[in-house]
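Per chain, numbering begins at 1; letters A, B, ... match sequence-line order. Please read all numbers here as calculations on a predicted model, not as lab measurements.
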2 protein chains.
Amino acid sequence: MITIRDVAKQAGVSVATVSRVLNNASCSETARLAVESAVQNLGYSPNANAQALALQNTDTLGVVVTDVTDPFFAILVKSVDQVAHEYGKTILIGIGYHNAEKERNAIETLLRKRCSCLVVHSKALTDQELINYLEQAKGMVIINRCIAGYEHRCVSLDNQRGTFLATELLIKLGHRKIGYIGSNHQINDEVERKQGYLTALQQYGLPVIENTSVQNSPDFEGGEAAMIDLLSYHSDLTAVVTYNDSMAAGALSVLTENNINVPRQFSLIGFDDMPIASHLVPKLSTIRYPIDLMATYASKLALSLINENIETPIHTQFNPTVVRRFSTDSCYQR
Amino acid sequence: MITIRDVAKQAGVSVATVSRVLNNASCSETARLAVESAVQNLGYSPNANAQALALQNTDTLGVVVTDVTDPFFAILVKSVDQVAHEYGKTILIGIGYHNAEKERNAIETLLRKRCSCLVVHSKALTDQELINYLEQAKGMVIINRCIAGYEHRCVSLDNQRGTFLATELLIKLGHRKIGYIGSNHQINDEVERKQGYLTALQQYGLPVIENTSVQNSPDFEGGEAAMIDLLSYHSDLTAVVTYNDSMAAGALSVLTENNINVPRQFSLIGFDDMPIASHLVPKLSTIRYPIDLMATYASKLALSLINENIETPIHTQFNPTVVRRFSTDSCYQR
DNA sequence: CTGTTAGCGCATTCAT
DNA sequence: ATGAATGCGCTAACAG
């Protein structure tokens, strides 16, 4: 590997001078030219590790997500990458795979690499463990989770309000027997989303009927299986609220294959508003989860935490909102 | 930040000893215990940048892709990550965004960080430019592209054969007027895939009819627009081959909304075999692109290039294969 | 088994 | 404006 020393030799200057021209510090035009041509000649590229060591600071922003193949996280990563780019940083990704040990591992790897900032999505670790990391890493921010005492370093969405809104929409459309398809992952999101559904039923005086809530894996296949279960239990449900859009897509495919027309005979509402929602037939009504905006905000927040030149973004409360498309309609008597 | 020196002091040993126990070199049990407890106490975490500098080697495997929100690349990244994990490495991601300047930038950033290996997907750079990088980076491997003279460091798929197979399937089902929906990105893949379609028509003695090939953005919306164009031009097409599954999904939604039944009245075949293919109604027939296997292979290859302890994986030729689901059927006379 | 020490490649302070 | 020297945190060679 060719180093700054090689460049200095070829340019006939000291390493200090090379460093200066590379970092746009003051130097003579002659020196600049000599160095630049040497760099060109040799194909020199500064060693980022050495720079990090000397500067006690990296240009790296770490992100930990659960699974990059989930569009939700892909959008999160992309948003962080775009902010990083804007500030001349690069991103380092850690993948947690729904597993505490791996989440921990991912965070620690990023910490060992001395990422200046961290945007972490963690569902498997305890509050206390995350607090330890937050204390250790000044530039760390938590996304999609709110930890008491660290609200200013967390950016999250009110899940419960999301499913409340979804359920309320169905109720206002005249539905009275509304099911809920949830996730079988043991994470808070599920508890909160289900609660929003229940609260809406309660608030509108609707009874909670046995076996109208089912759980499965939070993906297409899980949605299919859950919808089949629901249809097996009940012949008179007219609508369903789902944990996320993928499950809604699975549910929709089961309904379609059973010749149950959505939305004429059955209404369906998703959660997240991922691209797939507007690609289904009919286009899926859903709750928008502004993960792109939230990730953008979280990244800027993280950046501001370690660099006082970057102003702290104004704290924004992100809200779930109803996106009404064509999978929801007035209740028809089945 | 707390360093190895702090640990040494607290444990009452030298930094060398600390380094030894951390790296499982020989040392006394007493030393091991003392160091381990000091590490625990202090919450010490080794500086990966310093390690990289001292070792002249990183545990980092770089990946450059076009866009993480594209499932194809998400799967690629995930596969690389899994191999990396297996070998105790971590991954660094660069995103090229369909742009030469950004692809270059991504590769160079990864190089500056001294990634030991690189798996790069590049469509915007020239062969020559990639060759320069290949020469510079011993552990670099190209995926989804084949560069003459560097075949042993490239892993790619025969695109042309893929669409040939797709078109052939439709022909064998009796279709005679078959359209092609292509990508409007100026990359080789499109040229090759379209060529496969044309070759099949020719080989089976079918005429190439005007305006049966249209191009649009290689995503759902592009597929919709392209299908609308095709329907506007022709009332007697009975089948279409698409550039990828997303476009097929868009095309399918247009057909469905126009009450053209797939596959009874119209056959459709995609390319890539992404998860979405089996989530459509009807499930999409497509050409499997084993990007997961290819990425796994590419990662191992890259690893073997820089570490003779890792054996070079046996060179495998990856082939596109037909996955017949329910969007293709015998031709019916429209 | 263990401590001392010399780099790894770079930025930076202090002289000049 | 420039060079010599120091240190960033760690590993490994060497000596003990």
Side-chain donor-acceptor contacts of residues 30-38 of chain A below 3.5 Å, not counting sequence neighbours, with atom names and distances?
residue	atom	partner	partner atom	Å
A/T30	OG1	A/S28	OG	3.2

Problem set entry | Set of side-chain hydrogen bond (donor to acceptor under 3.5 Å, both in side chains) partners for B/S304, sequence neighbours left out | none
Exercise. Looking at five pairs on each end of the helix from C/dC1-D/dG16 to C/dT16-D/dA1, what is the angle between the two axes, given to 10 degrees?
Worked result: 40°
Exercise. For A/R5 and D/dA4, what is the distance between atoms CZ and C1' respectively, to the nearest whole Å?
Worked result: 12 Å
Problem set entry | 5' precedence on DNA chain D between A/V15 and A/S28 (nearest-nucleotide basis) | A/S28
For this session: Report the C-alpha distance between A/R114 and B/S45 in whole Å, list the side-chain angles of each, state the deciding distance to 0.1 Å, and finish with yes or no for side-chain hydrogen bond (donor to acceptor under 3.5 Å, both in side chains).
Result: CA-CA 10 Å; A/R114 299 295 185 264; B/S45 119; 3.3 Å; yes
Problem set entry | Flag for A/Q10-A/D6: side-chain donor and acceptor within less than 3.5 Å | no
Exercise. NA contact type, B/V13, heavy-atom cut-off 4.0 Å: base, sugar-phosphate, or nothing?
Worked result: sugar-phosphate
For this session: Apply the test side chain to side chain contact (heavy atoms under 4.5 Å, CB included) to residues B/F318 and B/L293: give CA-CA distance (whole Å), side-chain angles for both, the deciding distance (0.1 Å), then the verdict.
Result: CA-CA 9 Å; B/F318 293 96; B/L293 304 181; 3.8 Å; yes
Seminar exercise, completed: Only one of B/L157, B/T296, B/D272, B/I143 passes side-chain contact (heavy atoms from CB on, under 4.5 Å) with B/I291, and that residue is B/I143
Seminar exercise, completed: Closest to the 5' end of DNA chain C, once A/R20 and B/G12 are matched to their nearest nucleotides, is B/G12
Exercise. Side chain to side chain donor-acceptor pair (under 3.5 Å) with A/K123: which of A/N144, A/N99, A/T66, A/D189?
Worked result: A/D189
Exercise. Atom NZ of A/K113 to atom P of D/dC10: distance rounded to whole Å?
Worked result: 15 Å
Problem set entry | CD-CG distance between A/E129 and A/L134, expressed to the nearest 0.5 angstrom | 11.5 Å
Problem set entry | Qualifying residues under salt bridge (charged side-chain N to carboxylate O under 4.0 Å, His left out), relative to A/K78, sequence neighbours excluded | B/D67
Exercise. Under 4.0 angstrom, heavy atoms only, what part of the nucleic acid is A/A31 near: base, sugar-phosphate, or nothing?
Worked result: sugar-phosphate
Seminar exercise, completed: Per the under-4.0 Å heavy-atom filter, residues of residues 32-56 of chain B near DNA chain C come out as B/L53, B/A54, B/Q56
Exercise. For B/Q51 and B/P46, which heavy atoms make the closest approach, and how far apart are they?
Worked result: NE2-CB, 3.8 Å
Problem set entry | Test item: side-chain donor near acceptor, A/E101 and A/N105, under 3.5 Å | no
Exercise. Touch check for A/S19, heavy atoms < 4.0 angstrom, all strands: base, sugar-phosphate only, or nothing?
Worked result: base
For this session: Provide the start and end nucleotides, 5' to 3', of the part of DNA chain C that has atoms under 4.0 Å from heavy atoms of chain B.
Result: C/dC1 to C/dG9
Exercise. In whole angstrom, what separates B/D6's CG from D/dC8's P?
Worked result: 11 Å
Exercise. Please give, in whole Å, the distance from D/dG9 P to A/R112 CZ?
Worked result: 17 Å
